[in-house]
Chemist: 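One structure, as structure tokens, below. Some questions next.
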Amino acid sequence: MGDAYGVSRIALTDAARELLRRLTRVHGPLMFHQSGGCCDGSSPMCYPRGEFRTGDSDVLLASLAVDGLAERIDFWMAGQQFERWRHTHLTVDVVPGRGSGFSVEAPEGVRFLIRSRLFTDEEQALLDG
């Protein structure tokens with residue numbers, strides 16, 4: 001689900017990449033999960049890899065490469081949320097504020113945030129392949 005014919009479903013801002021490098025030094029390899037629920041579920045949650053158990057209905061959107069990290073960061077989304085957002089390109093960003101206490105960036109005084117845009121007709125056609 002990551003890249004199809006050069007079209008990615010998800011990207012990282014420079015601020016997100018820098019924070020992920022710092023967090024990886026503290027917590028080891030990381031992963032994201034976007035549940036799509038209310039409150040904390042509306043933001044992507046970042047966990048040490050394996051601390052959040054994905055299920056059969058979760059969709060792996062991408063394995064994100066971050067310069068300076070040996071291992072990619074998987075970005076998972078709940079299946080129902082993916083059905084609503086399947087036509088949307090997502091960008092993970094970082095903003096000041098308090099995120100969920102369960103997401104590893106919470107003590108940093110920042111939180112991850114999703115910015116989105118609809119795929120162009122051409123991008124969608126490539127993804128639908």
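Fair warning: this is a prediction, and the values are worked out from it, not measured in the lab.
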Chemist: With no hydrogens and no angle check, is any side-chain donor or acceptor of R17 less than 3.5 Å from a backbone partner on L12?
Modeler: yes
Chemist: Can you list the other members of the hydrophobic cluster that holds V95, where links are side-chain heavy atoms under 4.5 angstrom apart?
Modeler: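 Members besides V95, by chain and number: L113.
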Chemist: Show, in sequence, the C-alpha distance, side-chain angles and deciding distance for T88 and R117, and conclude whether the side-chain contact (heavy atoms from CB on, under 4.5 Å) test is met.
Modeler: CA-CA 6 Å; T88 307; R117 67 166 175 84; 5.8 Å; no
Chemist: To the nearest 0.5 angstrom, please state how far the CG atom of L61 sits from the OG atom of S8.
Modeler: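 The distance works out to 10.5 Å.
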Chemist: Considering only heavy atoms from C-beta outward, does the side chain of P29 approach that of L69 to under 4.5 Å?
Modeler: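 They are not in side-chain contact.
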Chemist: Quick check: does any side chain N or O of T120 sit under 3.5 Å from a backbone N or O of E123, one acting as donor and the other as acceptor?
Modeler: yes
Chemist: I need the L19 CG to T24 OG1 distance, nearest 0.5 Å.
Modeler: 9.0 Å
Chemist: Which residues satisfy the salt bridge (charged side-chain N to carboxylate O under 4.0 Å, His left out) test with D58, sequence neighbours excluded?
Modeler: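 Applying salt bridge (charged side-chain N to carboxylate O under 4.0 Å, His left out) to D58 gives none.
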Chemist: Could you walk me through whether D93 and F112 pass the side-chain contact (heavy atoms from CB on, under 4.5 Å) test, one step at a time?
Modeler: CA-CA 6 Å; D93 200 358; F112 288 109; over 6 Å; no
Chemist: Donor-acceptor check, side chain of R21 to backbone of A16, threshold 3.5 angstrom: yes or no?
Modeler: no
Chemist: Show the nearest heavy-atom pair for residues G50 and M31, with the distance to one decimal.
Modeler: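 Closest approach of G50 to M31, heavy atoms only: N-SD, 3.6 Å.
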Chemist: So which atom in Q34 and which in S43 form the shortest heavy-atom distance, rounded to 0.1 Å?
Modeler: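 Answer, listing the atom of Q34 first, then S43: OE1-C, 3.6 Å.
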Chemist: Tell me which one of I114, I10, L90, L60 satisfies side chain to side chain contact (heavy atoms under 4.5 Å, CB included) with M77.
Modeler: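 Exactly one candidate clears the test, L90.
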Chemist: Applying side-chain contact (heavy atoms from CB on, under 4.5 Å) to E71 and L30, what does each step give before you reach the verdict?
Modeler: CA-CA 9 Å; E71 297 187 46; L30 301 170; over 6 Å; no
Chemist: Of the options F82, F102, F52, which is the one that meets H33 in a ring pair (Phe, Tyr, Trp, His ring centres under 6.0 Å)?
Modeler: F52
Chemist: From E108 CD over to S103 OG, what is the distance, rounded to the nearest 0.5 angstrom?
Modeler: 10.5 Å
Chemist: Return the OG to CE distance between S35 and M45, rounded to the nearest 0.5 Å.
Modeler: 7.5 Å
Chemist: Indicate yes or no: at least one non-hydrogen side-chain atom of E105 is less than 4.5 angstrom from one of V94.
Modeler: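 Side-chain contact under 4.5 Å: no.
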Chemist: If you look only at pairs with a residue in residues 62-81, which of them pass as a ring pair (Phe, Tyr, Trp, His ring centres under 6.0 Å), with sequence neighbours excluded?
Modeler: F32-F75
Chemist: Are side-chain heavy atoms of L64 and R72 found at a separation under 4.5 Å?
Modeler: no
Chemist: So with a 6.0 Å cut-off around CG of D128, is the heavy-atom count from everything else above 12?
Modeler: yes
Chemist: Check each of R86, Q80, Q81 against E83 using the side chain to side chain donor-acceptor pair (under 3.5 Å) test, and report the only one that passes.
Modeler: R86
Chemist: Taking side chain as C-beta onward, heavy atoms only, is V92 less than 4.5 Å from T13?
Modeler: no
Chemist: Regarding Q124 and H87, is there a side-chain donor-to-acceptor distance under 3.5 Å anywhere?
Modeler: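 A donor-acceptor contact under 3.5 Å links the two side chains.
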Chemist: Does the side chain of R9 come within less than 4.5 Å of L127's, by heavy atoms?
Modeler: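 They are in side-chain contact.
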Chemist: Measuring only between side-chain heavy atoms, which start at C-beta, is S116 closer than 4.5 Å to T91?
Modeler: no
